[in-house]
Amino acid sequence: MTRLLILGGTGDAANLATEATKLSDLEIIYSLAGRTRQPKVPGCTIRIGGFGGTAGLISYLKEAKIDFVVDATHPFADVMATHAAKACRKVGIPRIKFCRMAWSPDAITWKSVQTYEEAAQQLCSLGKRVFLSIGTKKLISFARLADKWFLIRAIEDPALPVPLVNYDVLLQRGPFDLAHERTLLVSYQIDVLVSKNSGGTQAAKLQAAHDLNIPILIIEQPTPPTGELVYSTAEATDRLKLYMQSKLNIPTT
Ligand code: NAP
């Protein structure tokens with residue numbers, strides 16, 4: 001029996017977990033940070049909460065006798081990704097990182113920045129009413145922009161006080177279509193959009209902003225830790241099957 005740990009919290013992770021339950025001789029443990037509601041992933045054991053840094057994860061991997069790790073956390077969950085890479089290396093078990101292809105500008109143009117701080121810097125010379133579509137964890141980077149008004153969209157109420165002067169929090173769960181995003185930008189009189197490059201299907205907010213001639217600032221994905229990268233459920237399950245075959249000494253053709 002192979003014991004698989006999926007580091008989740010994304011649709012990709014839940015889809016992979018569902019697909020992996022079709023494989024035999026596989027026990028799946030699906031791990032969540034516990035920030036939002038649990039996904040339904042029948043056939044998996046769900047564990048919730050942090051491991052306690054790299055050291056905690058090392059202990060967990062050993063105690064739970066994990067054979068293989070798929071890090072399918074969000075592209076911006078770079079702390080977890082780094083811990084997973086270090087811990088798996090230390091314990092000597094394989095790990096793959098499930099990545100999402102970043103959006104690339106084609107018909108829609110935007111200004112790319114590498115960090116939240118750089119986005120805040122660039123915002124100084126842009127509009128006054130900002131759709132700050134970055135979640136709620138990194139708002140502190142924008143705290144000094146007291147002359148701006150921010151629209152924050154979140155699934156759940158922010159855990160910590162919002163460190164901004166002028167803002168509104170809108171609680172909504174996506175996905176959002178073009179008409180919805182256009183209405184939102186118009187009704188809140190947004191004149192600049194800031195978004196993370198979350199990747200995957202291009203978000204409708206980008207097209208809506210482009211159509212309304214609203215400038216877009218995109219924070220690019222952090223570089224994933226060194227190691228094997230996969231970009232689809234099929235690639236991830238193929239890699240997992242290969243591992244399971246090699247464990248059983250079944251020749252691969
Ligand atoms: P992060 O900054 O990389 O991680 C912070 C800490 O949260 C980690 O050190 C770890 O705690 C814990 N953690 C994160 N993912 C975990 C998982 N799957 N299972 C158990 N513990 C986990 O992560 P984040 O950006 O806060 O994201 C938290 C979760 O939300 C992730 O699972 C991610 O996939 C999901 N998510 C994130 C975003 C985003 O934009 N960042 C968007 C959508 C969904 P310990 O150090 O104690 O182990």
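Atoms within each ligand, like the ligands themselves, are counted from 1 in listed order. Note that the structure is a prediction, hence the values are computed from the model and not measured.
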Leu57 heavy atom under 4.0 Å from ligand 1
no
At less than 4.0 angstrom from any non-hydrogen atom of Thr73, what atoms of ligand 1 do you find?
18 (N), 32 (O), 34 (O)
Ignoring hydrogens and angles, state whether a donor on the side chain of Lys90 or Thr54 is under 3.5 Å from an acceptor on the partner side chain.
no
For Ser31, the ligand 1 atoms with a heavy-atom partner under 4.0 Å come out as 17 (C), 18 (N), 19 (N), 20 (C)
Report yes if some heavy atom in the side chain of Leu151 is under 4.5 Å from a heavy atom in the side chain of Leu184; otherwise report no.
yes
Using non-hydrogen atoms of the residue, decide whether Ala81 is closer than 4.0 angstrom to ligand 1.
no
Which bit of Asp78 gets closer than 4.0 Å to ligand 1, counting heavy atoms only: side chain, backbone, both or neither?
backbone
Among non-hydrogen protein atoms, atom 6 (C) of ligand 1 lies closest to Arg35 NH2, 3.8 Å
Look at atom 36 (N) of ligand 1 and find which of Arg47, His74, Lys196 reaches it with the closest heavy atom.
His74
Face-on cation placement of Arg129 at Phe150 ring, 6.0 Å and 45° thresholds
no
Atoms in ligand 1 flagged as close to Gly53, the criterion being non-hydrogen separation under 4.0 Å
45 (P), 46 (O), 47 (O), 48 (O)
Report the C-alpha distance between Arg144 and Glu117 in whole Å, list the side-chain angles of each, state the deciding distance to 0.1 Å, and finish with yes or no for salt bridge (Lys or Arg N to Asp or Glu O under 4.0 Å).
CA-CA 11 Å; Arg144 68 193 161 85; Glu117 287 68 30; over 6 Å; no
For atom 22 (C) of ligand 1, what's the nearest protein heavy-atom neighbour? Residue, atom name and distance, please.
Met80 SD, 3.4 Å
Return the residue, atom name and 0.1 Å-rounded distance of the protein heavy atom closest to atom 32 (O) of ligand 1.
Gly8 O, 2.8 Å
Nearest protein heavy atom with distance in Å, relative to atom 48 (O) of ligand 1
Phe51 N, 2.7 Å
Ala84 to Leu7 - nearest heavy-atom pair and separation:
CB-CD1, 3.6 Å
Side-chain ion pair, Glu228 and Arg239, N-O less than 4.0 Å:
yes
Measure the distance from atom 25 (O) of ligand 1 to every protein heavy atom, then report the residue, atom name and distance (to 0.1 Å) of the closest one.
Lys137 NZ, 3.1 Å
Of the protein's non-hydrogen atoms, which lies at the shortest distance from atom 23 (O) of ligand 1, and what is that distance?
Ala77 CB, 3.5 Å
Ligand 1 to His83, heavy atom cutoff 4.0 Å, flagged ligand atoms 9 (O), 46 (O)
Would you call the rings of Phe142 and Tyr116 parallel, tilted or perpendicular, where under 30° means parallel and over 60° means perpendicular?
perpendicular
Taking C-beta and beyond as the side chain, do Ile218 and Val113 meet within less than 4.5 Å on heavy atoms?
no
Atom indices of ligand 1, in the order listed, that fall short of 4.0 Å to a heavy atom of Val79:
1 (P), 2 (O), 3 (O), 4 (O), 9 (O)
For Asp67 and Arg3: C-alpha separation, side-chain torsions, deciding distance, then whether salt bridge (Lys or Arg N to Asp or Glu O under 4.0 Å) applies.
CA-CA 5 Å; Asp67 298 295; Arg3 289 176 62 77; 5.9 Å; no
Which residue and non-hydrogen atom of the protein lie closest to atom 11 (O) of ligand 1, and at what distance in Å?
Gly50 CA, 3.6 Å
Suppose we measure from atom 47 (O) of ligand 1 to each protein heavy atom; which comes out shortest, and what is that distance?
Gly52 N, 2.9 Å
Among Gly11, Ala33, Gly9, which residue places a heavy atom closest to atom 29 (C) of ligand 1?
Ala33
Relative to the ring of Phe176, is the ring of His180 parallel (under 30°), tilted (30 to 60°) or perpendicular (over 60°)?
parallel
Any donor-acceptor N or O pair under 3.5 Å, side chains Asp211, Gln207
yes
